[in-house]
Amino acid sequence: MILLLFGLITYGQTKQGYIDFDKVIQTLPDYALGQKQLETKTRQLQDSLNAIVTEYQVFLQNGLPHNIRLDSTDKALFENRMRTMEKKIDDFQQFSQAEITKESETIETALKDFVVKELEQYCVENYIVSVVYKKAILYCSDCSDFTDDFIDFLKRKK
């Protein structure tokens, strides 16, 4: 058994290498669709935030007359309303960031799952024993870059 494994490695029957995952992902049609989806979601959230900020700005402009002195109760009510609106803006910004992150992770996970499934088939068809992501390599002797071949493989499958 050991001689068989040693013989396969010695005679080049098995291959090992890496792929540039980011480059592969960027060539997929679903990547472009995902980016457009993220841009649309970002624009929608930005429009909503702009509406909240505009409401806050209008409140600041119209809420405190310049020539009238407010008593402490009115001043406290004004400041409380102002803090409430500021908190609403902060909360919405945090919500927006979480939504964009969640959407981005969903898209990335779907793309990664697709690449992994296709990479398994590519490795079987090309007698490749080991493939790692380029960013994960610290040192590799005699490693091949399968990125371009894998991208061609994906294009042929369409």
Side-chain angles (χ1 to χ4, degrees), residues 1-61 80-158:
M1 183 69 143
I2 293 174
L3 286 174
L4 179 62
L5 288 175
F6 180 72
L8 289 175
I9 292 171
T10 305
Y11 294 112
Q13 297 291 332
T14 59
K15 303 178 205 172
Q16 61 185 5
Y18 61 89
I19 64 165
D20 185 344
F21 179 74
D22 295 331
K23 184 176 178 181
V24 171
I25 290 293
Q26 291 172 2
T27 63
L28 298 174
D30 289 346
Y31 175 80
L33 292 173
Q35 292 305 307
K36 286 181 182 179
Q37 186 177 349
L38 280 174
E39 289 172 13
T40 301
K41 182 86 167 180
T42 301
R43 265 194 312 276
Q44 290 171 344
L45 292 169
Q46 186 62 45
D47 290 345
S48 297
L49 179 62
N50 289 343
I52 296 170
V53 169
T54 300
E55 177 186 347
Y56 176 69
Q57 290 170 340
V58 167
F59 170 76
L60 289 179
Q61 289 174 353
N80 186 36
R81 174 80 171 131
M82 187 174 70
R83 276 191 234 99
T84 301
M85 293 181 87
E86 288 171 350
K87 182 168 178 9
K88 183 178 178 181
I89 290 170
D90 288 341
D91 289 347
F92 189 80
Q93 287 174 328
Q94 289 176 2
F95 167 77
S96 297
Q97 185 63 38
E99 283 295 306
I100 295 300
T101 300
K102 185 172 85 173
E103 188 81 24
S104 179
E105 288 173 353
T106 301
I107 292 167
E108 186 176 321
T109 300
L111 290 172
K112 188 174 184 175
D113 290 346
F114 172 78
V115 169
V116 166
K117 185 181 101 186
E118 294 300 321
L119 187 58
E120 287 174 4
Q121 185 177 355
Y122 172 78
C123 289
V124 168
E125 290 179 14
N126 292 289
Y127 307 104
I128 298 171
V129 175
S130 174
V131 174
V132 296
Y133 296 137
K134 185 177 182 179
K135 290 181 180 180
I137 296 176
L138 295 176
Y139 172 77
C140 186
S141 175
D142 293 331
C143 282
S144 300
D145 182 356
F146 296 118
T147 305
D148 293 330
D149 291 337
F150 181 59
I151 290 171
D152 291 340
F153 172 81
L154 292 175
K155 287 179 182 177
R156 285 191 308 267
K157 286 197 73 165
K158 292 180 186 177

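When each of Ile25, Asp20, Ile19, Val24 is paired with Asp22, the side-chain contact (heavy atoms from CB on, under 4.5 Å) condition holds for Asp20 and for no other.
Between atom CZ of residue Phe150 and atom SG of residue Cys123 there is a gap of 8.0 Å, rounded to the nearest 0.5 Å. The line from CG of Asp152 to OG1 of Thr147 is 11.0 Å long, rounded to the nearest 0.5 Å. Distance check, rounded to the nearest 0.5 Å: CZ of Phe146 to CG of Leu119 gives 9.5 Å. In this structure, the separation between CD on Gln35 and CD1 on Ile107 is 7.0 Å, given to the nearest 0.5 Å. Atom-to-atom distance recorded for Ile89:CD1 and Glu55:CD is 8.5 Å, nearest 0.5 angstrom. Taken from CG in Leu49 to OG1 in Thr54, the straight-line distance is 9.0 Å, to the nearest 0.5 Å.
Side-chain atoms of Phe92 and Val53, non-hydrogen and from C-beta on, never get closer than 4.5 Å to each other. In this structure, the side chains of Met82 and Met85 stay at 4.5 Å or more apart for every pair of heavy atoms.
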side-chain contact (heavy atoms from CB on, under 4.5 Å) between Phe153 and Gln121: does it pass, once the steps are laid out?
-> CA-CA 10 Å; Phe153 172 81; Gln121 185 177 355; 4.2 Å; yes
Assess whether side chain to side chain donor-acceptor pair (under 3.5 Å) is satisfied between Gln94 and Asp90, documenting all intermediate values.
-> CA-CA 6 Å; Gln94 289 176 2; Asp90 288 341; over 6 Å; no
Using the side-chain contact (heavy atoms from CB on, under 4.5 Å) rule, take Glu105 and Thr101 through it: C-alpha gap first, then chi angles, then the decisive distance, then the call.
-> CA-CA 6 Å; Glu105 288 173 353; Thr101 300; 3.5 Å; yes
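Checked by atom type and distance alone, the side chain of Asn126 never pairs as donor or acceptor with a backbone atom of Ile128 at under 3.5 Å. At least one donor-acceptor pair under 3.5 Å links the side chain of Thr40 to the backbone N or O of Lys36.
Residues satisfying the ring-ring contact (aromatic ring centres under 6.0 Å, His included) criterion with Phe21, sequence neighbours excluded, are Tyr133.
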